[in-house]
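The figures that follow rest on heavy atoms only: side chains count, while hydrogens, waters and symmetry mates do not. Note on naming: letters A, B, ... go to the chains in the order of the sequence lines (proteins, then strands), and numbering restarts at 1 for each one.
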Amino acid sequence: MTIRIYNTKTGKKEDLQTIKDGIVNLYVCGITAYDYCHLGHARSTIVFDMIVKYLRHSGYKVNFVRNFTDIDDKIIKRAAEQNTTTEELSTRFIQAFHEDMISLGNISPDIEPLATEHIPEIVNLIEALIDRDFAYESAGDVYFRVNKFKNYGQLSGRNLDDMQAGARIAINDQKENPMDFALWKTSKPGEPMWDSPWGEGRPGWHIECSAMAKKYFGDTFDIHGGGKDLIFPHHENEIAQSECASGEIFVNTWIHHGFVTIKDEKMSKSLGNFLTIREMLEKYSAETLRLFIFSAGYRTPLDFSDQAMKDAEAGVDKIYNCLATVASLDSDDLGKLPQIGKKDQTKLSNLEVRLQAAMDNDFNTAQALGYVFDAVKTVNKICTNLPDSAKPFNLQILKESGQTITKFMNILGLIKQNPQHYVQEKQDALMASITISPTEIEQLITERNQARTDKNWARADEIRDLLLEHNIEMKDGAKGTTWVVRT
RNA sequence: GGCGGCAUAGCCAAGUGGCUAAGGCAGUGGUCUGCAAAACCAUUAUUCCCCAGUUCGACUCUGGGUGCCGCCUCCA
């Protein structure tokens, strides 16, 4: 099967064709390190984590680079506010970012380059652009000459005339054209600076990615990713810089994911309506967040709400519960398992193929999750109906289905815990909140069961109500009465 | 103003030129239970924003309209 990916550049899904057989070079724009990351960043990192894991699962060697922007206007401003250096500030938030990534269960990129560690590469690239007349110096700044690049606007589907008509561009006398963007900026006194042929200054925002991508992947590479908001101007400008400097196509496939919204508005620092990863993880597990994120296509806007998170949590529990049940099936149960209907059997044995087909289709996690839940339902159905005349073969089907589900969910960074432990731990966590001891509960259950034997329903109900007041819910099963803490 | 995207049941959300329009949450009826819970079964869009067109046939393609969102300034 071929993996098909929606390419922003062409607006179509295309078969993935790598430059080198079996190798994917992937560059993702990372964060500007000046604050804690919010759910939007979480979606970005989780989506690309899934993409990398799925590509690797599909047999590709993926070289995954994600940068940090550790010098820019916002960092300078924030550092000044906090009375610290840009270096201290960015180091602190890069550290926080790494902590968040571990909490979320994301793998690390192979390389995490910093802009400030690539100043020579940046300067070289700017010099190449000046040599080719695509850039010019103006009072210590260097600007890219957008008029010189005939493809400017190809990624975002714009043209220079339309954009200038918009007139939302700050007037700057140093520029030949208002749309020209800075490659190098003169530093003001007290700001961080590096030596350059144009005097002391610092790089513009876009140039770092062009320089670092070139360093690690050469002039042309396979996939470049980021949020939709980076399409213009950031990625447009990267293309301009890189292609004008090298004369080669910069990137073959552009992947852009959608935003996380709150009440249908984009979550962003400027709007102040953001929730940090840390805040949200106090309330919900990383796996709940991941399921929530994967319940929609990565390009769709995703609206965050408590209800949506509760739905996702119920989904995670549902899968774990099913897998815990399957894991608990042992040879004693063999005789009780039913023959599995032909239809269910086919459904389960096709699961892996269906999951793969969904993922191959532009990483359609929502559809894949649909298949997983469908399989969970089927497995539950089989486990629940336990008539006689079963064959070991049936147990095998259930165990294999459980393995397929687990293996696939692991690609999404989900179901990484032992299901039985998960169910148990969830229970244990709830235990802390209850106001009655397990011993007392057991005593009351024993008493209730005696009352039930005596057909003293009044007393039995009384005990159940009493336990319910303590959030304890009983389940009368064939093997006796079990209990759980109600969520 | 320019450009791009989206519109599918109470909510979230896949999907396809013709086969039952996935799945989750919530709801309803049932099985089970002394009553419950959990689980399971059944059920919840004769229809996919509106209007035209293409087609033997469109929710899916084309054109127009409406609404929402995003980008054009920093942004994942």
Ring-ring centroid check [X] [Y], cutoff 6.0 Å:
{"X": "A:F93", "Y": "A:F68", "result": "no"}
{"X": "A:Y298", "Y": "A:H257", "result": "no"}
{"X": "A:H256", "Y": "A:H235", "result": "yes"}
{"X": "A:F250", "Y": "A:F221", "result": "yes"}

Do any side-chain nitrogens or oxygens of [X] fall under 4.0 Å of OP1 or OP2 in [N]?
{"X": "A:K266", "N": "B:C71", "value": "yes"}
{"X": "A:K318", "N": "B:C25", "value": "yes"}
{"X": "A:N380", "N": "B:C40", "value": "yes"}

Base, sugar-phosphate or nothing for [X]? Non-hydrogen atoms, less than 4.0 Å.
{"X": "A:V260", "answer": "base"}
{"X": "A:I231", "answer": "nothing"}
{"X": "A:R448", "answer": "base"}
{"X": "A:H234", "answer": "nothing"}
{"X": "A:H257", "answer": "base"}
{"X": "A:G227", "answer": "sugar-phosphate"}
{"X": "A:R452", "answer": "base"}
{"X": "A:F259", "answer": "base"}
{"X": "A:G315", "answer": "nothing"}
{"X": "A:K377", "answer": "sugar-phosphate"}

For nucleotides [N] and [M], find the distance between their [atom1] atoms and express it as a whole number of Å.
{"N": "B:U43", "M": "B:G24", "atom1": "P", "result": "14 Å"}
{"N": "B:C51", "M": "B:A58", "atom1": "C1'", "result": "15 Å"}
{"N": "B:C61", "M": "B:G5", "atom1": "P", "result": "12 Å"}
{"N": "B:G18", "M": "B:U62", "atom1": "P", "result": "15 Å"}
{"N": "B:U46", "M": "B:A21", "atom1": "C1'", "result": "12 Å"}

Flag the pair A:D100 and A:R278 as a salt bridge only when some basic side-chain nitrogen lies within less than 4.0 angstrom of an acidic carboxylate oxygen.
->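 Yes.
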State whether A:D229 and A:K266 are salt-bridged, where the test is any N-O pair (Lys NZ or Arg NE/NH1/NH2 against Asp/Glu carboxylate O) under 4.0 Å.
-> yes
Could you check whether A:W457 and the base of B:G34 form a stacked pair, meaning centres closer than 5.5 Å and planes differing by less than 30°?
->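 Here A:W457 meets both the 5.5 Å and the 30° conditions.
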Take atom NE2 of A:H256 and atom C1' of B:G4, then tell me their distance rounded to the nearest Å.
->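 That distance rounds to 12 Å.
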Roughly how many Å is it from CZ in A:R299 to P in B:C71, rounded to a whole number?
-> 18 Å
Of the listed nucleotides [options], the one nearest the side chain of [X]:
{"X": "A:K381", "options": "B:C35, B:C40, B:C74", "answer": "B:C40"}
{"X": "A:D229", "options": "B:G23, B:C35, B:C71", "answer": "B:C71"}
{"X": "A:M267", "options": "B:A76, B:C41, B:A36", "answer": "B:A76"}

Could you tell me whether a side-chain N or O of A:D141 sits under 3.5 Å from a main-chain N or O of A:K185, the two making a donor and an acceptor?
->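 Between the backbone of A:K185 and the side chain of A:D141 there is no qualifying donor-acceptor contact (under 3.5 Å).
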Is the backbone N or O of A:Q154 less than 3.5 Å from a side-chain atom of A:N151, with the two atoms forming a donor-acceptor pair by type?
->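 Absent.
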Whether A:F144 and A:F181 hold their rings parallel, tilted or perpendicular, with breakpoints at 30° and 60° | parallel
Any N or O donor-acceptor pair linking the side chain of A:R158 to the base of B:G1 at under 3.5 Å?
->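 In this structure, the two groups form no donor-acceptor pair.
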Please evaluate the base of B:G2 for a donor-acceptor partner in the side chain of A:D161 within a cut-off of under 3.5 Å?
->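 Check fails, no donor-acceptor contact within cut-off.
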Whichever of A:T32 and A:N321 has the more 5' nearest nucleotide on RNA chain B, that residue is A:N321
Any N/O pairs under 3.5 Å between the protein and nucleotides 12-14 of chain B? List them or say none.
residue : atom : partner : partner atom : Å
B:A14   : OP1  : A:G297  : N            : 2.8
B:A14   : OP1  : A:T300  : OG1          : 3.0
B:A14   : O3'  : A:N364  : ND2          : 2.8

